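Beneath this line is the structure, given in structure tokens, with notes to follow.
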Amino acid sequence: VAASIINSDGYEAEVVLRAANNDISSSFGKGADKGPEAIRACLDRQIEFREPRTGIVATERLKITWHDLGDLNGTRTRECLGGAIHTVAVNCAASIEAGRKVFIVGGDHSNSIGALIGVGQRYDPDKVTILHIDAHHDLRHDDADYNDKPYGNLAHCCAMRPAVTAGFHLVSVGVRAFSLEEDVFVQQNRKRVKAFRWGMERSFMPPPVSIIANAIETDLVYISVDVDGFDPAFMPATGTPVSGGLGWWYGWDLLQEVCRRKTVVGADLCEVAPRPNDTLTEYNAAQLIYCVITWAWAAKKR
Ligand SMILES: [Mn+2]
């Protein structure tokens with residue numbers, strides 16, 4: 001049997017990759033519910049075991065399992081979305097309680113709502129900062145302004161708002177498409193929300209990653225990656241692409257710096273919507289997941 005990064009069938013696992021197959025509330029391009037399966041194939045067959053920057057082989061240090069939550073779409077009603085979020089929350093809290101590291105593999109970004117409910121049951125939200133890479137703030141109150149069939153405050157465009165309301169700190173990076181309402185929310189919540197927006201002035205250059213890492217004031221960090229935060233050159237297969245996002249190696253630098261400095265309590269990566277004859281996005285997503293596992297958890301295991 002060929003070796004896979006998924007090297008445990010569960011019982012003794014230290015890291016749980018949890019497949020959250022839902023795409024109920026995405027607002028434009030569909031297909032994020034097929035993301036986990038495509039990412040899994042890359043983890044099984046394509047990603048190198050040796051992380052190139054540290055030389056660490058995470059699978060030699062950690063037992064990593066895959067837990068598929070099954071089809072979470074149901075009949076794609078708001079009730080189903082609430083159920084999906086609840087399922088993610090319960091499973092996330094149980095894994096943390098059992099001492100496991102959780103990495104949610106989405107699915108649309110509403111999965112973060114569930115994951116952070118689960119994290120908030122184990123950790124004081126005031127002691128946790130969400131490092132949020134995304135083209136969008138995801139701070140809408142609800143999706144009624146653009147959605148014909150509103151999913152209310154559970155939609156993927158609201159992914160970060162309940163967490164801020166619950167008391168988590170938020171550092172958003174790469175934001176470059178947002179509503180007036182979200183802008184006002186950021187201004188009104190400056191104590192909890194810091195935004196590093198991309199391209200808001202002429203000849204924009206991204207800040208050194210140390211500036212962003214310095215903006216994280218807590219030791220505990222939860223990482224949420226919406227792949228549309230990266231430039232679509234690297235992450236083309238996603239429902240709401242926006243040009244001019246994080247560069248590939250810049251994203252590595254940022255994630256590596258934060259993983260090195262901080263204690264990562266959990267993570268998610270969402271919004272991979274695979275498309276035919278193109279594996280770049282799921283491959284890059286799988287690579288980022290494996291990098292975070294290596295830098296945040298394997299590198300610190302002794
Ligand atoms: Mn998002």
Side-chain angles (χ1 to χ4, degrees), residues 20-36 39 72 81 84-85 88 103-117 119 129-143 145-147 150-165 168 170-179 181-183 185-186 189 193-199 222-232 234-246 251 254-255 266-274 281-282 284-285 288-289 292:
N21 310 282
N22 66 315
D23 179 28
I24 299 173
S25 71
S26 61
S27 42
F28 196 56
K30 292 287 180 186
D33 51 336
K34 303 292 187 283
I39 292 168
L72 296 176
L81 180 54
I85 288 170
V88 172
F103 203 125
I104 304 290
V105 182
D108 79 46
H109 210 177
S110 63
N111 283 302
S112 295
I113 298 175
L116 286 160
I117 290 171
V119 171
T129 301
I130 305 160
L131 173 66
H132 170 221
I133 296 174
D134 202 320
H136 313 89
H137 275 305
D138 287 1
L139 287 172
R140 277 174 153 84
H141 177 260
D142 61 49
D143 64 344
D145 62 331
Y146 68 82
N147 213 336
Y151 293 103
N153 60 359
L154 304 180
H156 79 153
C157 61
C158 314
M160 292 298 134
R161 185 141 166 172
V164 173
T165 306
F168 285 93
L170 179 65
V171 173
S172 298
V173 183
V175 177
R176 54 200 185 277
F178 51 91
S179 70
E181 177 213 344
E182 290 175 300
D183 193 28
F185 186 85
V186 171
N189 291 274
V193 179
K194 293 175 188 165
F196 292 88
R197 291 173 176 162
W198 253 225
Y222 178 90
I223 295 172
S224 182
V225 177
D226 183 328
V227 297
D228 67 28
F230 280 82
D231 194 90
F234 311 107
M235 298 289 194
T238 189
T240 50
V242 185
S243 283
L246 271 67
L254 175 62
L255 290 167
D268 67 63
L269 183 145
C270 296
E271 301 283 354
V272 173
T281 309
E282 49 264 42
N284 284 343
L288 287 181
I289 290 168
V292 169

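Indexing begins at 1, ligand by ligand and atom by atom, following the structure's order. Note that the coordinates shown come from a computational prediction; the quantities given were computed from them, not determined experimentally.
The backbone N or O of Gly35 sits nowhere less than 3.5 Å from a side-chain atom of Glu282 that would complete a donor-acceptor pair. In terms of modelled atom types and a separation under 3.5 Å, the side chain of Thr238 and the main chain of Pro241 share no donor-acceptor contact. Although no hydrogens or angles enter the test, the distance criterion places no donor-acceptor pair under 3.5 Å between the side chain of Asp138 and the main chain of Met160.
Contacts of Arg176 classified as salt bridge (Lys or Arg N to Asp or Glu O under 4.0 Å), with partners at least two apart in sequence or in another chain: none. Partners of His132 by ring pair (Phe, Tyr, Trp, His ring centres under 6.0 Å), not counting sequence neighbours, listed by chain and number: His109. When the salt bridge (Lys or Arg N to Asp or Glu O under 4.0 Å) test is applied to Asp183, the partners found at least two apart in sequence or on another chain are Arg197.
For the Mn ion (ligand 1), the tally of protein N/O/S atoms lying closer than 2.8 Å stands at 4.
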